[in-house]
Each structure stands twice: as structure tokens, then as C-alpha cells.
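A note on names: the letters A, B, ... follow the listed sequences, proteins ahead of strands, and every chain is numbered from 1.
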There are 2 protein chains.
Amino acid sequence: MPTRSTPKASHPRGPIRSQVLAFVRERLAAGSPPTVREVQQAFGFKAVESARQHLEALVAEGRLAKEPGRSRGYRLPAAGGPAANIRLVPKLGRVQAGALREAIENPDRWDPEAWLPVETPGTGEELFALTVRGESMTGAGILPDDVVIVRRQDTARDGEIVVALVRDEATVKRLRLREGRLELWPENPAFAPLVFAPLVSAPDTEIRILGRVVEVRRRLA
Amino acid sequence: MPTRSTPKASHPRGPIRSQVLAFVRERLAAGSPPTVREVQQAFGFKAVESARQHLEALVAEGRLAKEPGRSRGYRLPAAGGPAANIRLVPKLGRVQAGALREAIENPDRWDPEAWLPVETPGTGEELFALTVRGESMTGAGILPDDVVIVRRQDTARDGEIVVALVRDEATVKRLRLREGRLELWPENPAFAPLVFAPLVSAPDTEIRILGRVVEVRRRLA
DNA sequence: TGACAATACAGACATATGTCTGTTTTAATC
DNA sequence: GATTAAAACAGACATATGTCTGTATTGTCA
């Protein structure tokens, strides 16, 4: 009669392996992948090798990737295509326009109120997040209190939704380039568009483009 | 005359520290935080301690957090309460209703088309994501091709937005409980509400609640 | 210039961690 | 029951990694 405390061996190739995968995924998203021994503990294995066998099997199946030798070297199979490029983006919050400019230009000394996990293809892009105020973009499905994730850039193309600094006020609008003019259109008939003379945005002008909205998020209580 | 190759010591409390922070953030988002020696190499320090001092200083300043003793133990300052509980949620895609049911009940054997990083407070919640079809919820700011993140649950409260299985068709609607009836209301005047007799959803009924929408996401190209 | 603090360096140590070898247990199959 | 493959176990080893102590360098300020 064995003294095994865990009945986990009863499944030939059962869900334990998938549970290990899920565990690694969780830890990966939470900050860093687990060590082999952490997997061991989490599943109550009495030997390190038990955990390692599952991990290596997952690697062999292509469901996990790893960097051999490194500690906490298990990764998501980046090649396969699933979510590999996750970055944490600082949420600058309901910040005033002036502070926004400061925060975007000196992101290092800014203390974000939160960090949002965002999946992004590029590595060089500079991203930040903002909470939307007002109802000027409801027509585009952007409601008050929605969070927009913004790719920092000084210019944008016609039709893109941008975050702009207008006379020291930050707003989210759709950009229109018409006959040499730069226009910011709300997506709500109750609001009027803003029209500006210069075609390009530049520092020390009344309008300046801070970035392009690449994602919209809304949490429902 | 010193033989220092790096002029990095010229700034009393300068941007090097912030560069280290940025480096840690990058590596953190890329998969796992760096080791002290990886920071050392990245900045060309000739001693491990140089890197460690920067890291510890960042921790002391509250700009970084750490789990002492652990390898790759540097984290983002989760102390404030923000993004600590990030999970990867399977996106089941534009799946047919029948397959949806199968996928939700047997998540292990389902191969999701993608994984989304989601910040969630609870650990026990079962989450999945779906791509929205149709324009029936545009009034609630949910547009076609938006991704909804759903907390799996069999019941819901009046006014909540739910994912329901109606005669083997999956839809997103707002739930209304009126005079003993269960109603699914679109948020678009061009669509009509669905009304059902039973107050609670149950298997093998013409209507069944699969979960509650907890987040909406939209990626802008 | 001299004192002082911050930073960088050098070397070592204790531990965490990945990895290996061999054995035992479990479950399935004939 | 015997055979077999998968899984779990036990113990050890080599290395990666965090940490410590002491010293040297650099820049600042009086």
C-alpha cells in the first residue's frame, strides 16, 4: 500500500500537465515565471524532478518555451504566436494637461497610479494610458471613464484618434487633415470640432499631438 | 588618473538610475525581471555591487519593489495596490455557439487563438474572452470586433451585460429582470429585446447565461 | 585643499536553482 | 500475474544568483 498523498498520478496524460501550464502562465503574467521548485511546491510534488518532467514535457509538446540554464527560464512559446509581447504600461490617470506634458516627457520621474498589462507588437514604442473625461467621443464607442492606451508620437494621420494638448488642455479627438488645416473632431453631435491653422504639431503651439490611441478599455463593475 | 571607461559616475543622482529602472521594466515586461548580474552587464559595470546598489536604491526610493532572496526578485512597486493580479485569459474567438459551450465547459482541451493579459482582483474567477459580432450593443459602447472579457457565471443581476446562449446562438446583451421574466435587451434601437419565461437560466433551456462581461477592449489599427 | 557623500570596484560567501542519475510507484495491457 | 511505459521519488552536483565586506574613485561643498 503506497503512502502517496496526492492522487494526481491517476490521469495518464491528464489535466495535471495543463494545470502546470496554467500555473506557469499565471506566474509569468504576474511578474516572473516560477522556478522548478516553485512548481514542485505548488503541486505538492515530493521531488523536484516531478515538476521538471512536466515542464520539460510541455516544452517538448511546444506548449512552453524555455531558455536553458537560466533561472526562471520558462516562457510562453513566442514563436507559435500566442501572447508573448506583453508590456506594462503606466497609467497617468486623470492628470491635468500641464502635468500630462511633464509626465510624458519625463516618464521616469513620474509616479504612475497603476500599470496596465498591454499586448503590443513593437518593442520600441512608448506607451502610456489615460482615463477619458467627457462624452465627446461616445460616437466612437469611447465613454467617460474609459481608459485609452496611447502610443506616443508627435504626428498622426488623417482619421486616427489622437490625444492632443490644446491650449494646455488634454483631449481625445479624431484627427482630420483638411485643406491645409488640422482639425480635431469629436464623435458626438453635441460638440463642435476644433480647427487649427498649422498642419503639423510642434512645441509651443496652441495645439500639439501627444500620441495616437491604440486601444480602448472599459471595466464594468 | 583613473582608467574608468564609463563616465556614468558624473551624475550625482542622475538618469542612470532611471535607466536602470527602465531596463528592469523592459525585462519585466519581456518575460521576467533581470538578475543583478544582467543589469551589471547591460550597463557595463565592472562589479556586481554597482548594479545592486542602483537596484536597492530604487527599492529604497519606492520606485521598485523586490522579493528578497529570490532570484530575479525585482518587481514593480505593487505596494500601492495596483496591478498585481494579472492573469492570461483565453480568447475563444469568433467561435460558434455550440463550440462555445464546449469550450467553456472543457477549457483544458480547448486551444485558444490568443491569450489576453487581464488584471483581475479575484483568483478563483474563471475568465474567458470573446470577439463581439453585430451592432446590437453599440449604444453601450460595444462595437463590432470589440473583445469582451467574461467572468463565467450561471446567473446575473438586473442591468448587467451578459453573454448568453439563445437557442444555440451566443449573444451579448443587457440583462433585465422584469415581472418574473428574463429579458435580454440590446443597446441599439434597431434591435428588439428578447423575452423569456423562466426567471433563472438552466441547462437544456432555450436560454442560458454563460457569464457576465467585466471588461471591454478595442484595438485601433 | 580637505571633508564628505555617493558611486564604483574587487573578491568572496551562502543560497537558490537547473540539471543529472538511478530507483520506486502507478496504471494500463496482455 | 508479468510486462511495460509513464509518472513520481530521492539524492546529489554544478552553476547561477543574491548578498556581504572592504577598498578605491569621483564629485560636491565649505
Side-chain angles (χ1 to χ4, degrees), chain A residues 1-21 23-24 27-28 31-61 63-75, chain B residues 1-21 23-24 27-28 30-61 63-75 108:
Chain A
M1 182 61 74
T3 51
R4 300 263 322 296
S5 56
T6 54
K8 285 162 189 162
S10 43
H11 304 271
R13 164 176 297 246
I16 298 184
R17 187 144 307 169
S18 296
Q19 287 180 31
V20 173
L21 217 199
F23 179 74
V24 174
R27 299 293 300 266
L28 241 171
S32 67
T35 66
V36 180
R37 283 174 178 79
E38 283 174 354
V39 175
Q40 175 198 356
Q41 279 192 24
F43 286 82
F45 292 131
K46 293 176 182 171
V48 198
E49 258 309 290
S50 306
R52 210 174 83 92
Q53 276 177 27
H54 281 294
L55 289 168
E56 289 302 323
L58 285 167
V59 171
E61 292 173 21
R63 300 212 275 167
L64 260 188
K66 76 174 285 194
E67 306 178 31
R70 307 201 173 286
S71 74
R72 304 174 188 271
Y74 291 93
R75 301 285 132 81
Chain B
M1 183 61 76
T3 52
R4 303 262 322 295
S5 56
T6 55
K8 286 163 188 162
S10 42
H11 303 275
R13 159 179 300 242
I16 299 183
R17 187 143 305 169
S18 295
Q19 285 180 32
V20 172
L21 216 198
F23 178 73
V24 174
R27 300 293 300 267
L28 239 173
S32 66
T35 65
V36 180
R37 281 173 180 79
E38 282 173 354
V39 175
Q40 175 198 355
Q41 279 191 24
F43 286 83
F45 292 132
K46 293 176 182 172
V48 198
E49 260 307 294
S50 307
R52 209 174 85 91
Q53 278 177 26
H54 281 293
L55 290 168
E56 290 301 323
L58 285 168
V59 171
E61 293 173 21
R63 301 211 276 167
L64 261 188
K66 78 174 285 197
E67 307 179 31
R70 307 202 170 286
S71 75
R72 302 173 189 273
Y74 291 92
R75 300 287 131 79
D108 277 333

Derivation and outcome, side chain to side chain contact (heavy atoms under 4.5 Å, CB included), residues A:Arg70 and A:Arg75: CA-CA 11 Å; A:Arg70 307 201 173 286; A:Arg75 301 285 132 81; 5.8 Å; no
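- The nearest whole Å value for the distance from the CZ atom in A:Phe45 to the P atom in D:dC9 is 7 Å.
- The listed nucleotides are C:dC20, D:dA10, C:dT7; the one nearest the side chain of B:His54 is C:dT7.
- Here the nucleotide nearest the side chain of A:Thr35, chosen from C:dT17, D:dT17, C:dA10, is C:dT17.
- More than 12 non-hydrogen atoms from other residues, nucleotides or ligands lie less than 6.0 angstrom from CD of A:Glu67.
- Of the side-chain N and O atoms in B:Lys66, one or more sit less than 4.0 angstrom from OP1 or OP2 of D:dT19.
- For A:Arg52, counting side-chain heavy atoms from C-beta on, the closest listed nucleotide (D:dC20, C:dC20, C:dT17) is C:dC20.
- Minimum atom distance to the side chain of A:Ile16 is reached by D:dA8, of the listed C:dG18, C:dA8, D:dA8.
- A distance of 11.5 Å separates CD of A:Gln40 from NE2 of A:His54, quoted to the nearest 0.5 Å.
- Following rounding to the nearest Å, B:Leu58 (CG) and C:dT7 (P) show an atom-to-atom distance of 10 Å.
- Separation of atoms CG (B:Leu21) and CD1 (B:Ile16) is listed at 13.5 Å; rounding is to 0.5 Å.
- Atom CG in A:Leu55 sits about 12 Å away from atom P in D:dA8, given to the nearest Å.
- Nearest to the side-chain atoms of B:Arg70 among the listed nucleotides C:dT19, C:dT17, D:dA7 stands C:dT17.
- Annotation: salt bridge (Lys or Arg N to Asp or Glu O under 4.0 Å) contacts of A:Arg27 (sequence neighbours excluded): A:Glu38.
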With 3.5 Å as the limit, what N/O pairs link the protein to nucleotides 11-13 of chain D?
none

Verify side chain to side chain contact (heavy atoms under 4.5 Å, CB included) between A:Arg37 and A:Phe45, making sure each step is shown before the conclusion. CA-CA 9 Å; A:Arg37 283 174 178 79; A:Phe45 292 131; over 6 Å; no
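- Contact annotation for A:Arg72: backbone-only contact, meaning every heavy-atom pair under 4.0 Å involves sugar-phosphate atoms and none involves a base.
- A:Ser50 comes within 4.0 angstrom of a nucleotide base, judged by non-hydrogen atoms across all strands.
- Residue-to-nucleotide proximity on DNA chain D shows that, of B:Glu38 and A:Ala51, the 5′-proximal contact is made by A:Ala51.
- With rounding to whole Å, B:Gln40 atom CD is found 9 Å from C:dC9 atom P.
- Note: CG (A:Leu64) to P (C:dG18) measures 13 Å, nearest angstrom.
- The B:Glu56 side chain lies nearest to D:dT19 when the options are D:dG18, D:dT19, D:dA10.
- Using the six-membered ring where Trp is involved, B:Phe43 and B:Phe23 have ring planes that are perpendicular, over 60° apart on the 30 and 60° scheme.
- If you check D:dC20, D:dA10, C:dT7 against the side chain of B:Gln53, the one that comes closest is C:dT7.
- Residue B:Arg17 places its side chain closer to C:dT7 than to any other of D:dG18, C:dT7, C:dA8.
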